[in-house]
Amino acid sequence: MYERDEQRALLEVARASLGHGLRAGEAPRIDPLGFTPPLREKRASFVTLRLAGRLRGCIGQLQARDPLVEGVACNAFAAGFRDPRFAPLADAELDAVLIEVSVLGTAEPLDFDTREQLLAQLRPHRDGLIVRDGACSATFLPAVWETLPEPERFLGELLRKAKLDPERFPASLQALRYRTETFGEAEFG
């Protein structure tokens with residue numbers, strides 16, 4: 001669990017990354033030594049942007065490769081300017097966009113043979129889910145349960161996102177669940 005000051009620091013880094021991206025066209029370089037030890041640990045994270053309550057960008061990584069604070073800066077820039085679902089963030093949107101950071105826990109493989117067995121293991125509003133089959137993979141953060149609360153639909157849309165047929169259930173499908181610690185600017189007023 002991150003302290004409020006650490007959460008605030010990560011959100012400030014994300015916002016600064018968006019501003020830097022507008023000015024320089026790239027993510028800023030972050031020196032992790034200027035941050036508390038928990039923010040220097042290698043952790044996977046996602047940054048989600050919302051504008052007027054609607055998704056405006058969401059990018060992250062599932063593997064912990066960099067110090068958390070560096071990953072948040074890179075993911076914020078990518079969510080604002082590299083999410084292929086959206087046009088790059090405009091200067092006029094910067095003040096109105098709300099930022100949310102999700103720090104991922106360790107992904108736990110699920111053991112199943114059938115769609116029903118997988119569905120029975122899903123924990124709505126609690127877990128994120130990763131699906132993989134060959135080169136196809138995708139994830140939904142736990143927050144996606146807010147818009148897809150039924151496990152069958154959640155799984156179907158995730159399979160579709162992974163470019164897999166949601167009606168077909170491949171025998172080679174892998175699924176992993178994970179928890180997140182998520183916090184956003186809305187919590188800080």
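The hydrophobic clustering, which links ILVMFWY residues whose side-chain heavy atoms are closer than 4.5 Å, places L110 and L159 together. Note: the hydrophobic cluster containing I30 also contains L18 (ILVMFWY, side chain heavy atoms under 4.5 Å, direct or indirect links). Linking ILVMFWY side-chain heavy atoms closer than 4.5 Å, directly or via other members, places L94 and F86 in two distinct hydrophobic clusters. Under a hydrophobic clustering in which Ile, Leu, Val, Met, Phe, Trp and Tyr are joined whenever their side-chain heavy atoms come within less than 4.5 Å, directly or via other members, V47 and F35 fall into the same cluster. Hydrophobic clustering of Ile, Leu, Val, Met, Phe, Trp and Tyr side chains at less than 4.5 Å, counting indirect connections, unites L119 with F169.
When all heavy atoms are compared, the tightest approach of L129 to Y178 is N-CE2, 3.6 Å. Contact record, Q121 with F112: NE2-CB, 3.8 Å, taken as the closest heavy-atom pair. The two atoms that bring L10 and V72 nearest to each other are O-CG1, 3.6 Å, heavy atoms only. When all heavy atoms of P67 and R40 are compared, the pair lying nearest together is CB-O, 3.3 Å. Here the closest heavy-atom approach between residue R50 and residue A143 is recorded as NH2-CB, 4.5 Å. The two residues A73 and V13 make their nearest non-hydrogen contact at CB-CG1, 3.7 Å.
Between the side chain of E187 and the backbone N or O of G184 there is at least one donor-acceptor pair closer than 3.5 Å. Between the side chain of E181 and the main chain of Y2, a donor-acceptor pair closer than 3.5 Å is present. At least one donor-acceptor pair under 3.5 Å links the side chain of K161 to the backbone N or O of T139.
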Practice item. Show your reasoning for whether side-chain contact (heavy atoms from CB on, under 4.5 Å) applies to V103 and R43. Key: CA-CA 7 Å; V103 182; R43 297 291 303 270; 3.6 Å; yes

**Study point:** Step-by-step side-chain contact (heavy atoms from CB on, under 4.5 Å) determination, R65 to K42
**Key:** CA-CA 6 Å; R65 295 185 299 261; K42 290 185 179 184; over 6 Å; no

Exercise for review: Please assess Q117 against T114 for the test side-chain contact (heavy atoms from CB on, under 4.5 Å), listing each intermediate value before the final yes or no.
Suggested key: CA-CA 5 Å; Q117 289 174 343; T114 66; 3.2 Å; yes

Practice item. Go through the steps to decide whether R15 and E12 satisfy the test salt bridge (charged side-chain N to carboxylate O under 4.0 Å, His left out), and finish with yes or no. Key: CA-CA 5 Å; R15 180 155 295 281; E12 288 171 357; over 6 Å; no

Practice item. Output, in order, the C-alpha distance, side-chain angles, deciding distance and verdict of side-chain contact (heavy atoms from CB on, under 4.5 Å) for R4 and F188. Key: CA-CA 9 Å; R4 293 281 287 174; F188 288 90; 3.5 Å; yes

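For the pair P124 and P149, the minimum side-chain heavy-atom distance is 4.5 Å or more. Contact check for F140 versus V131: no side-chain heavy atoms found under the 4.5 Å cut-off. In this structure, Q61 and S45 have side chains that are in contact, with non-hydrogen atoms separated by less than 4.5 Å. The shortest side-chain heavy-atom distance between T48 and I99 does not fall under the 4.5 Å cut-off.
Judged by the 6.0 Å and 45° rule, R8 forms no cation-pi pair with F183.
Here the straight-line distance linking atom CG of L148 with atom CZ of R153 works out to 5.0 Å at 0.5 Å rounding. To the nearest 0.5 Å, atom CG of residue L173 and atom CG of residue L155 are 7.5 Å apart. Note that CZ of R82 and CZ of F77 are 4.0 Å apart. Values are rounded to the nearest 0.5 Å. With values rounded to the nearest 0.5 angstrom, D127 atom CG is found 11.5 Å from L176 atom CG. To the nearest 0.5 Å, atom CG of residue L89 and atom CG of residue L51 are 8.0 Å apart. Here the straight-line distance linking atom OG1 of T180 with atom CG of L104 works out to 6.5 Å at 0.5 Å rounding.
The only member of V144, N75, L141 that meets side chain to side chain contact (heavy atoms under 4.5 Å, CB included) when paired with C58 is L141.
For R54, the CZ atom counts as loosely surrounded, since its 6.0 Å shell holds 12 or fewer non-hydrogen atoms of other residues, nucleotides or ligands. Environment of CD in E3: sparse, with no more than 12 heavy atoms of neighbouring residues, nucleotides or ligands closer than 6.0 Å. Sparse packing is recorded around CG of D111, with 12 or fewer heavy atoms of other residues, nucleotides or ligands lying under 6.0 Å away.
In the model, T182 has a side-chain atom that pairs as donor or acceptor with a side-chain atom of S102 under 3.5 Å.
Ring orientation note: the planes of W145 and H125 are tilted relative to one another, at an angle of 30° to 60°.
Taking a cutoff of 4.0 Å between a charged side-chain nitrogen and a carboxylate oxygen, E70 and R29 do not qualify as a salt bridge.
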